[in-house]
Amino acid sequence: MMTEEISSSQLSKHTGSTVRIHGHIQSLRDMGNLAFVVIRDMDGSVQLVADEQEVLLIVRQAAPETPVIAEGVVVARPQGQGFEIQLKELTLLSTPALSLPVEIGKQSKVDGLSLSTMLDYRPLTLRSPKVRSIFKIEAVFCEAFREFLRERQFTEIHSPKIVATGTEGGAQLFKLNYFGREAFLAQSPQFYKQIMVGALERVFEIAPVYRAEEHDTTRHLNEYISMDVEMGFIENEHDLMDLLNKLVKHMFEKVSQSCGDELSLWGAKIPEVGTIPRVTLSEAVDIINSYQKKGSKEKTDLDPEGEKIICEHFYQKENSDLVFITGYPLSVRPFYAMPLPLQNEMSSRSFDLLFRGLEITTGGQRIHRHEELISAMQGRGLDPEAFKDYLQCFQYGMPPHGGFAIGLERIAKQLLGLPSVKLAALFPRDINRMTP
RNA sequence: GGGAUCGUAGCUCAGUUGGUUAGAGCGCCUGCCUGUCACGUAGGAGGUCGCGGGUUCGAGUCCCGUCGGUCCCGCCA
């Protein structure tokens with residue numbers, strides 16, 4: 001009978017039997033005539049115990065991160081909980097060419113790494129249980145996002161990332177040479193997802209977007225994963241916030257259900273999502289000013305400090321980790337934002353969603369009437385001719401529609417309490433990093 | 001685009017008012033150790049103190065320049 005090949009999460013089902021298991025060596029403790037080898041595999045880790053001379057000789061040739069196939073008997077650990085494998089055979093599948101530049105087997109060492117070391121040695125640091133857990137959680141965020149939207153008849157799309165024009169102008173676009181013509185990397189699937197509302201009514205996309213902005217902060221990337229949604233036949237922006245409210249609730253619940261181990265590595269607490277409070281920008285600014293010390297300057301806008309204050313306020317008042325900010329002035333939104341006329345100012349039917357002090361989503365209703373869109377563009381000095389392909393869908397008739405986009409790395413950063421969004425990207429691209 | 005701050009061993013850091021041979025922990029190498037799990041233990045290797053210039057009898061330490069890192073603002077997800 002063939003020895004069964006299992007992974008570390010299946011140990012308990014094989015107590016007493018001989019199994020094969022493969023993984024990378026995470027730690028080695030040689031006690032002389034006894035050695036302990038912890039290997040890490042795709043879903044956990046397990047300790048191997050070697051006490052036979054032939055096996056011990058092989059163990060002594062191994063180094064941390066060596067990939068191995070082990071064969072032995074699954075036994076309960078004499079002390080503590082869980083299981084270990086009494087080694088009969090160990091095969092080293094390759095030999096690391098270098099000793100490791102950083103110690104990834106010890107959690108405290110991984111936690112202490114500087115950001116640049118963490119990223120310079122990304123192929124290695126990504127292997128540590130705590131680092132890789134970030135990306136398991138992101139995968140579940142994506143699954144949950146897809147699952148929720150598919151159930152509501154949204155269709156997943158893939159829009160082009162090489163584009164001829166930007167959505168707002170052009171300053172923040174990466175330029176590239178497209179067979180001698182000027183092209184850009186898409187900063188958003190905005191136009192395409194709107195166009196697809198005309199075809200499929202409800203669409204979503206999970207894909208990278210590119211921003212050529214020269215910022216250098218813990219919340220910006222020049223390439224990030226945008227989780228985009230767009231839907232037709234809405235009443236107004238509140239339909240979108242209703243949808244987003246349920247969507248993030250589902251995303252957090254799914255991560256809570258299937259990522260217990262990963263969350264506990266970070267000590268992360270899943271937010272309880274009820275009805276997310278909605279405040280207008282001017283209400284938010286008033287709240288922020290009420291917290292400011294006397295004599296300090298009155299805020300007129302929502303800066304990063306204000307975002308933290310407003311989130312803290314709603315956490316204390318309504319036990320909500322999330323808050324919608326609505327009613328942004330039309331002037332600070334893109335030309336396609338639907339206007340919302342108020343008594344003495346021109347507002348927009350758009351919103352941001354803040355999570356624990358950071359903006360994770362922007363969205364809103366879009367202008368769907370062709371003439372209104374043309375005049376909105378002209379009002380901002382944009383030439384409709386440059387957007388004529390986008391404008392086609394409006395010429396053929398578009399329903400009231402809108403959407404939003406969630407920043408994947410940002411939501412992961414906030415959930416796990418990461419010090420930088422760069423840690424939530426596999427291979428982050430920032431103002432001075434293109435490698436690895 | 002504007003600003004702040006830091007560069008000392010593979011990693012994380014200490015290094016006094018400028019003083020003689022630059023340190024620690026972990027890792028690495030060679031041993032010893034049959035229940036380790038931050039294993040223990042004996043020994044060892046490893047440094048152009050980012051780089052260039054200056055001040056000084058003397059610079060890791062002070063000054064100027066430069067390169068790199070980290071962070072903040074504007075802007076954004």
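Order of the sequence lines sets the chain letters (A, B, ...), proteins ahead of strands, with each chain counted from 1.
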- Note on the structure: Atom OH of A:Tyr328 and atom C1' of B:rC75 are separated, to the nearest Å, by 13 Å
Quick one: side chains of residues 71-95 of chain A, donor-acceptor pairs under 3.5 Å with protein atoms, not counting sequence neighbours, listed by atom name and distance.
residue : atom : partner : partner atom : Å
A:Glu84 : OE1  : A:Gln47 : NE2          : 3.1
A:Lys88 : NZ   : A:Thr18 : OG1          : 3.3

- Query: Any Lys/Arg nitrogen of A:Lys193 or A:Glu205 sitting under 4.0 Å from an Asp/Glu carboxylate oxygen of the other?
  - Reply: no
- What integer distance in Å separates A:Glu409:CD from B:rC76:C1'? 13 Å
- Item | A:Asp352 and A:Tyr328 side chains, donor-acceptor separation under 3.5 Å | yes
- Task: Assign a letter to each nucleotide of nucleotides 6-15 of chain B from its 5' end: B, base within under 4.0 Å of a protein heavy atom; S, sugar-phosphate only; -, no contact.
- Result: ----BSS---
- Task: May I ask you to check whether A:Gln194 and A:His401 show a side-chain donor-acceptor distance below 3.5 Å?
- Result: yes
- Message: For B:rA77, is there a stacking contact with A:Tyr224, counting only centres under 5.5 Å and planes under 30°?
- Response: yes
- Query: Given the rule that a pair is Watson-Crick or G-U wobble with both distances under 3.5 Å, how would you write RNA chain B in dot-bracket, using | for pairs to a different strand?
  - Reply: (((((((..((((.....[...)))).(((((.......))))).....(((((..]....))))))))))))....
- Message: At 4.0 Å (heavy atoms only), tell me whether A:Asp303 reaches a base, stays on the sugar-phosphate, or touches nothing.
- Response: sugar-phosphate
- Query: Which part of the nucleic acid, if any, lies within reach of A:Thr218 when heavy atoms closer than 4.0 Å are counted: base, sugar-phosphate only, or nothing?
  - Reply: sugar-phosphate
- Spacing of the C1' atoms in B:rC63 and B:rG18 (rounded, Å): 13 Å
- Task: Identify whether any heavy atom of A:Thr362 sits under 4.0 Å from a base atom; if not, whether one sits that close to sugar-phosphate; answer base, sugar-phosphate or nothing.
- Result: sugar-phosphate
- Between A:Glu65 and A:Arg40, is there a salt bridge with N-O shorter than 4.0 Å? yes
- Interatomic distance at P, B:rG3 relative to B:rG40, whole Å: 50 Å
- Task: For a side-chain hydrogen bond (donor to acceptor under 3.5 Å, both in side chains) with A:Asp41, tell me which candidate from A:Ser9, A:Ser8, A:Ser7 qualifies.
- Result: A:Ser8
- Mind calculating the distance between NZ (A:Lys106) and P (B:rC37) to the nearest angstrom? 11 Å
- Looking only at side-chain N and O atoms, does A:Arg29 come under 4.0 Å of OP1 or OP2 in B:rC39? yes
- Pairs where residues 421-435 of chain A contributes a residue and the test side-chain hydrogen bond (donor to acceptor under 3.5 Å, both in side chains) is met, not counting sequence neighbours: A:Asp120-A:Arg433, A:Asp216-A:Lys422, A:Lys422-A:Asp430
- Message: Under the salt bridge (Lys or Arg N to Asp or Glu O under 4.0 Å) definition, can you give me all pairs with a residue in residues 275-290 of chain A, not counting sequence neighbours?
- Response: A:Asp242-A:Arg278
- Note on the structure: Under a 4.0 Å heavy-atom criterion, the protein footprint on nucleotides 42-47 of chain B, written with B, S and -, is ------
